[in-house]
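If you scroll down you'll find the structure; I have some questions about it.
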Amino acid sequence: METKTDQQLHIFFLPFMAQGHTLPMIDIAKLFASRGVKSTLITTPVNAPLFSKAIQTSKSLGFKIELLVIKFPSTEVGLPEGIERTNCRKNQEQVEKYFKAITLLEQQVEPILDQHRPHCLVADSMFPWATDVAAEFGIPRIIFHGPGFFFLCASTTVMRYQPHREVLSDSESFVIPGLPDEIKMTKNKLAPFLTLDGESELIKLVKASREAEERSYGIIVNCYYELEADYVDHYRKALGKKSWHIGPVSLCETEKDKAERGREGSVDEVHECLNWLNSKKANSVVYICFGSLTNFGDCQLLEIALALQASRQQFIWVVKTEKNDKEEWLPEEFEQRVEGKGLIIRGWAPQLLILQHEAVGAFLTHCGWNSTLEGVCAGVPMITWPVNADQFYNEKLVTEILGIGVAIGVQKWEHVSVKSKASVKKETIEKALTGFMVGDEKEEIRSKVLVLRELARRAVEDGGSSFSDLTALIEELKSLGS
Ligand code: UDP
């Protein structure tokens, strides 16, 4: 009789439906598949086309990677059909219902595990129930969090020791105790829902996720040892967390994958923007993108547009607002005035290809973890403009610990839904852009980030730190099977 050890290791991957979570999880599943593991990704119908495109290359190479589509429980929670991804939600009511729906997915994942009996379930931290479901079938649940070790150490410490309770105002800084470096934070830069007591669906989810973490088998992190060595060690030794660093996972993407990554429409725009970059000198263009979720209101977009115009810098600016007749955020004849100098991409940009283009000399980023890591892998210095989530922590890593970026100076966490004000003014943006592009500091910063780029490349090569940690994890999971 065939025992579990004789079988090929089979892992199920359950990504949270937001690009910043989905894209790295697809890469993770591809990585496992490339190392001889059978990988099955689970998603819902609206998200499925992105997945099937993304795994084509792996399949064509003969790797065992499959997609399993489950129904999104829209009707069960009273959501209109089609709202199956975080950026599709239109108001707070839909946000609450969406989080309820995420919880209900458990009812479909359970019978699937029962039917397929994989050896392990890798599920996003947004699915706390996955730990118990995996336990029912006697298999380990591994958590995928998204952000890196510095964030994990800092946020776990803040949650454990609550240093923000010691300060008198939201702008007074406090030191996060016990970290390898002296890191100061303010309450203004922490998620408001973490410092308030309340019972929204999101707060419930965050609490449940933290509890589930204590009972899960371990955590995989999209990072490499050399980038945050002190924090990898601190997380494992001082905070006692079992974890594997297996990134940067986007380095497994082929050029074709990079062009199609996260894209729903045609790749023509990809070629257009690369042709535009081909006409520019090395390191002369600022790439501006705030990730997949941040969608500023008209007044903030207008401040950015005015700053770009005044700075006279060359730029690619990704704007999530769709084109329409009345674009109040664009100064009159803006596009004519910046023609040849600047390019606005509406919708989805081929970020990995843009960042790796030699014409790109700086990345104005919201410091989402994927963007941060992608900036490092491309060797591009960063100008940091965090908005919310883990981004203020990531900014600290980039500017204070690694010294590969400069902060624009944002002081306060902001909801993506706040559209009525511009928290960063034209003068600040212009000063940051010009100061960086014409100043002397950028060369020193660039040389640091280029070293990290090389270390990232080596980490994922055979024998590198991430390659070896992934081998260790696969071997451990195989031994559990026996
Ligand atoms: N991204 C992209 N094109 C866009 C916007 C985002 O390719 O126009 C990708 C980006 O490369 C990254 C992910 O989407 O991999 C966004 O993740 P991140 O953690 O940076 O930010 P989030 O969207 O979660 O805030």
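In each ligand, atom 1 is the first atom listed, and ligand 1 is the first ligand listed.
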**OP:** Examine N370 against ligand 1 and note whether any of their N/O atoms are separated by less than 3.5 Å.
**Re:**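 Yes.
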Original post:
G291 heavy atoms, cut-off 4.0 Å: which ligand 1 atoms fall inside?
Top reply: 5 (C), 6 (C), 23 (O)
Subject >> Verdict with supporting geometry, Y224 and H245, ring pair (Phe, Tyr, Trp, His ring centres under 6.0 Å) >> reply: CA-CA 6 Å; Y224 60 106; H245 49 80; 8.8 Å; no
Subject >> Minimal non-hydrogen separation, I142 against C120, with atom names >> reply: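 Looking at all heavy atoms of both residues, the closest pair is CD1-SG, 3.9 Å.
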**OP:** Under 4.0 Å from a heavy atom of R261: give me the atoms of ligand 1 that qualify, with their elements.
**Re:**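 Answer for ligand 1: 11 (O), 15 (O).
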Original post:
What part of W369, side chain, backbone, both or neither, has a heavy atom within less than 4.0 angstrom of ligand 1?
Top reply: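 The answer is the backbone of W369.
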Original post:
Just checking, any donor-acceptor pair under 3.5 angstrom between side chains of Q356 and E255?
Top reply: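 Note: Q356 and E255 side chains meet the donor-acceptor criterion.
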Subject >> Atoms in ligand 1 with a heavy atom of G368 nearer than 4.0 Å >> reply: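 The atoms of ligand 1 under 4.0 Å from a heavy atom of G368 are 18 (P), 19 (O), 20 (O), 21 (O).
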Original post:
Is the charged tip of K204 near the ring of F99: under 6.0 Å from the six-membered ring centre and within 45° of its axis?
Top reply: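 Output no; distance or angle outside limits.
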**OP:** Measure the distances from the heavy atoms of R263 to every atom of ligand 1 and state whether one is below 4.0 angstrom.
**Re:** no
Original post:
Taking the six-membered ring for Trp, are the ring centroids of F363 and F436 within less than 6.0 Å of each other?
Top reply: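 No, too far apart.
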Subject >> For atom 5 (C) of ligand 1, the protein heavy atom that lies nearest, with its residue and separation >> reply: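 So the nearest neighbour among protein heavy atoms is W348 CZ3, 3.5 Å.
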Original post:
Taking atom CD of E226 as the centre, does the number of heavy atoms from other residues, nucleotides or ligands within less than 6.0 Å exceed 12?
Top reply: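 Counting neighbours around CD of E226, more than 12 heavy atoms of other residues, nucleotides or ligands fall under 6.0 Å, so yes.
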Subject >> Atom indices of ligand 1, in the order listed, that fall short of 4.0 Å to a heavy atom of V318 >> reply: 8 (O)
Original post:
Would you say L293 contacts ligand 1, with heavy atoms under 4.0 Å as the rule?
Top reply: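 A heavy atom of L293 does come that close to ligand 1.
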Subject >> For ligand 1, the portion of H21 having any non-hydrogen atom under 4.0 Å away >> reply: neither
Original post:
When you measure from atom 22 (P) of ligand 1 to every protein heavy atom, which one gives the shortest distance, and what is it?
Top reply: H366 NE2, 3.6 Å
Subject >> Residue selection (non-hydrogen contact nearest atom 8 (O) of ligand 1) among K320, Q19, R346 >> reply: K320
**OP:** Please say whether the positively charged group of R85, taken as NZ for Lys or CZ for Arg, lies over the ring of F16, i.e. under 6.0 angstrom from the six-membered ring centre and within 45 degrees of the axis.
**Re:** no
**OP:** Please write down residue, atom name and distance for the protein heavy atom closest to atom 23 (O) of ligand 1.
**Re:** S292 OG, 2.5 Å
Subject >> Trace of the ring pair (Phe, Tyr, Trp, His ring centres under 6.0 Å) decision for F296 with F290 >> reply: CA-CA 9 Å; F296 288 131; F290 296 91; 4.8 Å; yes
Original post:
What is the nearest protein non-hydrogen atom to atom 16 (C) of ligand 1, stated with its residue, atom name and distance?
Top reply: G20 CA, 4.1 Å
Subject >> CA sep, side-chain torsions, deciding dist, call: Q314, K281, side chain to side chain contact (heavy atoms under 4.5 Å, CB included) >> reply: CA-CA 10 Å; Q314 303 197 98; K281 283 201 191 113; 5.8 Å; no
**OP:** Would you mind checking which non-hydrogen protein atom is closest to atom 13 (C) of ligand 1, with the distance to 0.1 Å?
**Re:**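 Here the closest protein heavy atom is L23 CD1, 4.1 Å.
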**OP:** Could you check atom 15 (O) of ligand 1 against the protein and tell me its nearest heavy-atom contact, residue, atom and distance included?
**Re:**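 The answer is E374 OE2, 2.5 Å.
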**OP:** State plainly whether the residues K100 and E96 are in salt-bridge range, i.e. N to O under 4.0 Å.
**Re:**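 No, this pair does not count.
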Subject >> W369/Y393 aromatic ring centres below 6.0 Å >> reply: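 That pair fails the under 6.0 Å test.
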**OP:** Could you check which of P24, C289, S371, A349 puts a non-hydrogen atom nearest to atom 20 (O) of ligand 1?
**Re:**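 Nearest option to atom 20 (O) of ligand 1, by heavy atoms: S371.
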